[in-house]
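Notes follow the structure.
Within every chain, numbering begins at 1; the chains are lettered A, B, ... in the order of the sequence lines, protein sequences first and strands thereafter.
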There are 2 protein chains.
Amino acid sequence: MRSASASPGPDDITATARIRDAAVRLFGERGYDRTSVRDIATAAGVSPALVIHHFGSKDGLRDECDRWMLAQLSDKRADALGAQAGATIQQWLAEPEQFRPLVDYLAMMLTDGGEHGRTVFDLLLAETGAMLDASVADGTMRASSDPEARALLVTLHGLAPVILRGHLERALGGDILSSAVLARLTLPSLELYTDGLYSDSTMLDAARAAIDAQNEQL
Amino acid sequence: MRSASASPGPDDITATARIRDAAVRLFGERGYDRTSVRDIATAAGVSPALVIHHFGSKDGLRDECDRWMLAQLSDKRADALGAQAGATIQQWLAEPEQFRPLVDYLAMMLTDGGEHGRTVFDLLLAETGAMLDASVADGTMRASSDPEARALLVTLHGLAPVILRGHLERALGGDILSSAVLARLTLPSLELYTDGLYSDSTMLDAARAAIDAQNEQL
DNA sequence: TAGCCTACTGAACATGCGTTCAGCATCCGC
DNA sequence: GCGGATGCTGAACGCATGTTCAGTAGGCTA
């Protein structure tokens, strides 16, 4: 079984890569602790011993997955901003299923407190901050009284659908992270980021006044 | 050891309650799978067997924690909206550490796909929707082209700091979910929800036009 | 051909886990 | 005083897990 020669499917790529792909998918779906080395080995069509042989330990495998994820993220970001922008976005809209493992794994990285999770968050935060600064500079976005805190908020808000994808899909009618769901969210998002929520600045003025009063007290 | 009579600390409450409190704290801190029944028993000062004796199984204990969390959430919400509003908020600002286990446990519930996590999300979503509708009715907030989707977005955005608390604290200078951090976020949040991000409606108009065009095509 | 390295396996091992069980106190109704 | 719940324990059991290890197959260099 599992001869070296051709068979359709994922047998044409290296066993190491197959293990890594299976691990990313399963870690993203079930989480690190609920995924056993045996599960990953079975999904990749190899023996559990080979997983350890190639990655040293389960934790080593996770490390490799994290690193691979960071690389993918850089690639996609570069594509989405560079010459490949159109192609990348079309690919996303055409086959959202393909990216689901990546999104789920990213969510897992961010929520379980590992070192690479911090790295990826800091990266996203920095990019968001840079994007906001550039937009303020070219006039498309408003300036903020606290650009750093605003960048943080916008980053958090952007990550929420990624991490709570399951709840989002359930609330919007069961289905996948499809173009339909994305379309449904586009308009409300832009409305929110264009006109805000409040119809006037009553609340904002009150908060400003309260903070000023507190500052004077010191 | 551990006689029934008085000793300072958490010995005056029932062992069942001590186990539940320890479980909520540890599940919230480390997650369900990384917390063993033995850990919980040690933290509560009882034997592992007693944990099973009172809750049937580790999963039963988790169920009880979930239910307790839902009850706490209802209580706090009622307090925060009712007569106790001022007292509850002051308590929060005075001793944020006290609420950390609750917040962490809530984050865990929402991210690990259990049934009670769905319940609590749906609850929060419904309350957010009702709050938005009421605010639109009394004129403090703008109407939306898609109130359901907007409620979902606002809920997701509100939950993001809860779930990514660790990253938030790290980005804002290491420290706890303190009044200082909350104060730092208040103004940018209100700015975001009052004036939005974009300085004009160019993007929004473009999206509306694109969607109109697509609808006409069908 | 000989030797060696790499990819890979099946079987076993040690450990930590959730859970069970027999038994020990203590309290409460009779 | 007594019988039976109730609260609780220490020790053990069975199991799944991550990991190790001896060994096989196949390709590469000499």
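Judged by distance alone, with hydrogens and angles left aside, R38(A) brings a side-chain donor or acceptor within reach of the base of dG18(D), the pair sitting under 3.5 Å.
Rounding to whole angstrom units, CZ of residue R18(B) and P of dG7(D) are separated by 13 Å. What separates CG of L61(A) from P of dT17(D) is a distance of 15 Å, to the nearest Å. Put simply, CG on L26(A) is 13 Å from P on dT17(D), counting in whole angstrom units. Atom CD1 in I40(B) sits about 12 Å away from atom C1' in dC17(C), given to the nearest Å. Computed from coordinates, the D59(B) CG to dG18(C) C1' distance equals 11 Å when rounded to whole Å. The interatomic distance linking R30(B) (CZ) with dG16(C) (C1') rounds to 14 Å, in whole Å.
Counting heavy atoms of neighbouring residues, nucleotides and ligands inside a 6.0 Å radius, atom CD of E148(B) does not exceed 12 of them.
Heavy atoms of T16(A) sit nowhere under 4.0 angstrom from any nucleic acid atom. At a threshold of 4.0 angstrom between heavy atoms, the contacts of S47(B) include nucleobase atoms, whether or not backbone atoms are also involved.
Along DNA chain D, the nucleotide nearest to A49(A) and the one nearest to L50(B) differ in position, and the one closer to the 5' end is contacted by L50(B). With the nearest nucleotide of DNA chain D identified for both A15(B) and P48(A), A15(B) has the one nearer the 5' end.
Using a cutoff of 4.0 Å between basic side-chain nitrogens and carboxylate oxygens, D39(B) and R30(B) are scored as salt-bridged.
A close approach under 4.0 Å does not occur between any side-chain nitrogen or oxygen of H53(B) and OP1 or OP2 of dT6(D).
A cation-pi arrangement is absent between R142(A) and Y198(B), since the terminal nitrogen or guanidinium carbon is not both under 6.0 Å from the aromatic centre and inside a 45° cone about the axis.
In the model, D66(B) has a side-chain atom that pairs as donor or acceptor with a side-chain atom of Y105(B) under 3.5 Å.
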